[in-house]
Novice: 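Have a look at this one.
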Amino acid sequence: MSETKLPRPGQATLAGWLIVLGSLLTVVTAWDQISGLRSLDTRERVEEVLAEPPLAGSGIGLDNILDLMHVMALVTGAMAAAAVILGWHVLQRNKQARLALTVIAAPLFFAGMFGGGFWSTLSAVAVVLLWMSPTRDWFDGVSPTKREALGSGDPDQESYVAPAPPAAPTASTDSPSATDSTAGPARLSQQQPPPWTGAIAQPAKVAPKRRPGAVMAAAVLTWIGSGFTALMMLASAVTATANPDLILDQVRKQAESDPNMREVAGLYTADVIVASVWIMAVLVALVCVAAGVFAAFAIRRHSWARVALMISAGVSALSLLLFALAFPPAVVLFGAAVATFSFLLRPEVAAWFRG
């Protein structure tokens with residue numbers, strides 16, 4: 001069966017280049033980590049980690065950690081190098097390359113925490129975009145117009161109403177033209193019907209009768225992501241209230257290494273830290289609750305809720321992408337926000353809300 005030539009959607013281009021560039025930078029990062037693994041700075045940082053709970057007194061030595069970091073960096077670099085090649089083939093609409101990337105995405109994500117940093121996590125999350133519409137439709141050879149017809153519940157265009165043909169003129173039996181038509185050749189006006197002057201029926205756009213699964217998927221992702229984020233922020237506030245000295249110690253350590261932080265560090269007290277953390281936690285929790293409400297109205301087919309949920313997912317994705325630079329596991333929530341936005345952009349979802 002010949003492959004259908006379809007234009008590559010922007011989402012596929014974005015995902016492919018994120019995989020290629022992210023994996024390439026992962027290889028560079030892993031190589032840099034291996035080259036500096038036995039340096040004095042790395043040894044001191046590892047020793048600081050081993051001196052604090054829960055690793056303190058665990059019997060794990062410095063050489064054990066360094067060997068583990070070496071192996072993980074090698075594994076990450078090897079998988080990232082393969083991902084660079086596979087990502088390029090994905091841009092050429094290679095289904096086997098997409099499947100291979102899916103297989104190595106999870107190992108690359110977890111191994112990258114030790115040897116790839118942020119870039120390996122970004123590459124692994126970008127693989128998820130390859131299985132979302134319209135990229136999935138592009139790999140399957142389904143055009144956007146065909147997908148919209150499938151989503152509308154009328155893939156065979158059965159709702160099309162053809163225009164009624166004009167009635168053929170009938171001659172009266174007692175008309176002299178009836179006898180003339182049998183006696184000689186018919187005139188041109190008798191051979192052709194009169195021109196059609198009525199309205200031409202157009203194919204009816206039928207809204208999907210069922211709620212698309214992408215709407216429910218977007219709502220579920222929103223509820224899970226919002227609930228997890230709100231709980232984590234509230235847990236952080238409770239932790240800061242119970243032991244604000246931990247945050248003060250971190251601020252003082254940064255002030256020692258950064259002269260610009262010394263004046264700012266003097267403004268921080270335990271009460272200021274607790275109040276700031278609780279204000280931030282409450283604000284984030286309110287935003288999460290609002291996103292959950294938008295999702296609830298969206299599954300009830302309110303168009304404004306779809307728009308509000310898309311704005312919320314877009315802002316969350318940008319915020320989480322910046323936050324992931326300091327806390328790489330946040331890329332998981334970033335992927336959920338991107339998936340939510342992508343689900344709500346699908347043609348069948350837009351058609352369902354229009355109906």
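Values below: all heavy atoms of this structure, side chains included; hydrogens, waters and symmetry mates excluded.
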Novice: Membership question, hydrophobic clusters at under 4.5 Å side-chain separation (ILVMFWY): are Leu129 and Leu25 in the same one?
Specialist: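 Yes.
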Novice: Starting from Val287, can I reach Leu320 by hopping between I/L/V/M/F/W/Y residues whose side chains sit under 4.5 Å apart?
Specialist: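 In one cluster: no.
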Novice: Should the ring pair Trp304 and Phe297 be called parallel, tilted or perpendicular, given that the plane angle runs from 0 to 90° and is split at 30 and 60?
Specialist: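 Because their plane-to-plane angle lies in the 30° to 60° range, the rings of Trp304 and Phe297 count as tilted.
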Novice: Looking at Gly314 and Phe341, what are the two nearest heavy atoms and their distance?
Specialist: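 So the two residues come closest at N-CD1, 4.2 Å.
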Novice: I need the minimum non-hydrogen distance between Ala126 and Ala15, along with the two atoms involved.
Specialist: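 Minimum heavy-atom separation between Ala126 and Ala15: O-CB, 3.7 Å.
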Novice: Enter the distance from Leu130:CG to Leu99:CG here, rounded to the nearest 0.5 Å.
Specialist: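 Reported value, rounded in 0.5 Å steps: 11.5 Å.
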Novice: Cluster question for you: counting only ILVMFWY and a side-chain heavy-atom cut-off of under 4.5 Å, with indirect links fine, are Val128 and Phe228 together?
Specialist: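 Hydrophobic grouping puts Val128 with Phe228.
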Novice: If you take all heavy atoms of Ile299 and Ala219, which pair is closest and at what distance?
Specialist: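 Closest approach of Ile299 to Ala219, heavy atoms only: CG2-CB, 3.6 Å.
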Novice: Quick check against the 3.5 Å criterion: does Ser35 have a side-chain atom that pairs as donor or acceptor with the backbone of Asp32?
Specialist: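 Yes: the side chain of Ser35 pairs with the backbone of Asp32.
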Novice: Calculate, to the nearest 0.5 Å, the distance between atoms OG1 and CG belonging to Thr340 and Leu221 respectively.
Specialist: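 Between atom OG1 of Thr340 and atom CG of Leu221 there are 4.5 Å.
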Novice: Does anything in residues 222-242 form a side-chain hydrogen bond (donor to acceptor under 3.5 Å, both in side chains)? List the pairs, not counting sequence neighbours.
Specialist: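 As it turns out, the side-chain hydrogen bond (donor to acceptor under 3.5 Å, both in side chains) pairs with a partner in residues 222-242, which skip direct neighbours, are Thr241-Trp278.
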Novice: Would you verify whether the NZ or CZ of Arg98 falls within 45 degrees of the ring axis of Phe139 while also being under 6.0 Å from that six-membered ring's centre?
Specialist: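 The answer is yes; both the distance and angle limits are met.
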Novice: Would you check if the side chain of Ser316 reaches a backbone N or O of Ser312 as a donor-acceptor pair within less than 3.5 Å?
Specialist: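 At least one qualifying donor-acceptor pair exists.
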Novice: Are the side chains of Phe294 and Val307 in contact, using a 4.5 Å heavy-atom criterion?
Specialist: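 No, every pair of side-chain atoms sits at 4.5 Å or beyond.
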Novice: Is the shortest heavy-atom distance from the side chain of Leu18 to the side chain of Leu122 under 4.5 Å?
Specialist: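 Yes. Closest side-chain heavy atoms under 4.5 Å.
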Novice: Between Arg301 and Arg211, does the side chain to side chain contact (heavy atoms under 4.5 Å, CB included) criterion hold? Intermediate values first, please.
Specialist: CA-CA 8 Å; Arg301 210 173 187 177; Arg211 180 176 60 213; over 6 Å; no
Novice: Does any pair with a residue in residues 325-339 pass side-chain hydrogen bond (donor to acceptor under 3.5 Å, both in side chains), and if so which ones, sequence neighbours excluded?
Specialist: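 Sorted result for residues 325-339: empty, none.
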Novice: Not counting sequence neighbours, which residues clear ring pair (Phe, Tyr, Trp, His ring centres under 6.0 Å) with Phe323? List them please.
Specialist: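 Only Phe327 meet the ring pair (Phe, Tyr, Trp, His ring centres under 6.0 Å) criterion with Phe323.
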Novice: What is the minimum heavy-atom distance between Leu309 and Ala291, and which atoms define it?
Specialist: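 Answer, listing the atom of Leu309 first, then Ala291: CD1-O, 3.8 Å.
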Novice: So, taking the atom named OG in Ser123 and the one named CE in Met79, what distance separates them when rounded to the nearest 0.5 Å?
Specialist: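 Output value for this atom pair is 11.0 Å.
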Novice: Please report the shortest heavy-atom distance between Arg306 and Phe353, naming the atom on each side.
Specialist: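 Reported closest heavy-atom pair: CD-CD1, 3.2 Å.
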Novice: Does a side chain donor of either Thr29 or Trp119 reach within less than 3.5 Å of an acceptor in the other side chain?
Specialist: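 No, because no side-chain N or O of Thr29 sits under 3.5 Å from a partner of the opposite role on Trp119.
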Novice: For Ala237 and Val277, work out which heavy atoms get closest and say how close.
Specialist: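 It is CA-CG1, 3.4 Å.
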Novice: May I ask you to test the Gln33-Met72 pair for a side-chain heavy-atom distance under 4.5 Å?
Specialist: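 Sidechains of Met72 and Gln33: no contact.
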Novice: Among Asn94, Ile19, Leu108, exactly one meets side chain to side chain contact (heavy atoms under 4.5 Å, CB included) together with Leu101. Which residue is that?
Specialist: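 Checked Asn94, Ile19, Leu108 against Leu101; only one passes side chain to side chain contact (heavy atoms under 4.5 Å, CB included): Ile19.
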Novice: Is any side-chain heavy atom of Arg8 less than 4.5 Å from a side-chain heavy atom of Arg93?
Specialist: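 They are not in contact (no side-chain heavy atoms under 4.5 Å apart), so the answer is no.
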Novice: Please tell me if the side chains of Leu345 and Met310 come closer than 4.5 Å, counting only heavy atoms from C-beta onward.
Specialist: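 Yes, at least one pair of side-chain atoms sits under 4.5 Å.
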Novice: Mind checking whether Ile104 and Val84 sit in one hydrophobic cluster, side chains of I, L, V, M, F, W, Y counted as touching below 4.5 Å?
Specialist: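 No, Ile104 does not connect to Val84 through the hydrophobic network.
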Novice: So, taking the atom named CG in Leu333 and the one named CD1 in Ile224, what distance separates them when rounded to the nearest 0.5 Å?
Specialist: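 That separation rounds to 11.0 Å.
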Novice: Other residues, nucleotides and ligands only: do more than 12 of their heavy atoms fall within 6.0 Å of CG on Leu283?
Specialist: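 Counting other residues, nucleotides and ligands, CG of Leu283 exceeds 12 neighbours.
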Novice: Do the non-hydrogen side-chain atoms of Phe343 and Val349 ever get within less than 4.5 Å of each other?
Specialist: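 Phe343 does not reach Val349 side chain to side chain.
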Novice: Same cluster or not: Met132 versus Val125, using hydrophobic residues (I, L, V, M, F, W, Y) connected whenever any side-chain heavy atoms lie under 4.5 Å apart?
Specialist: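 Per the 4.5 Å side-chain linkage, Met132 and Val125 are co-clustered.
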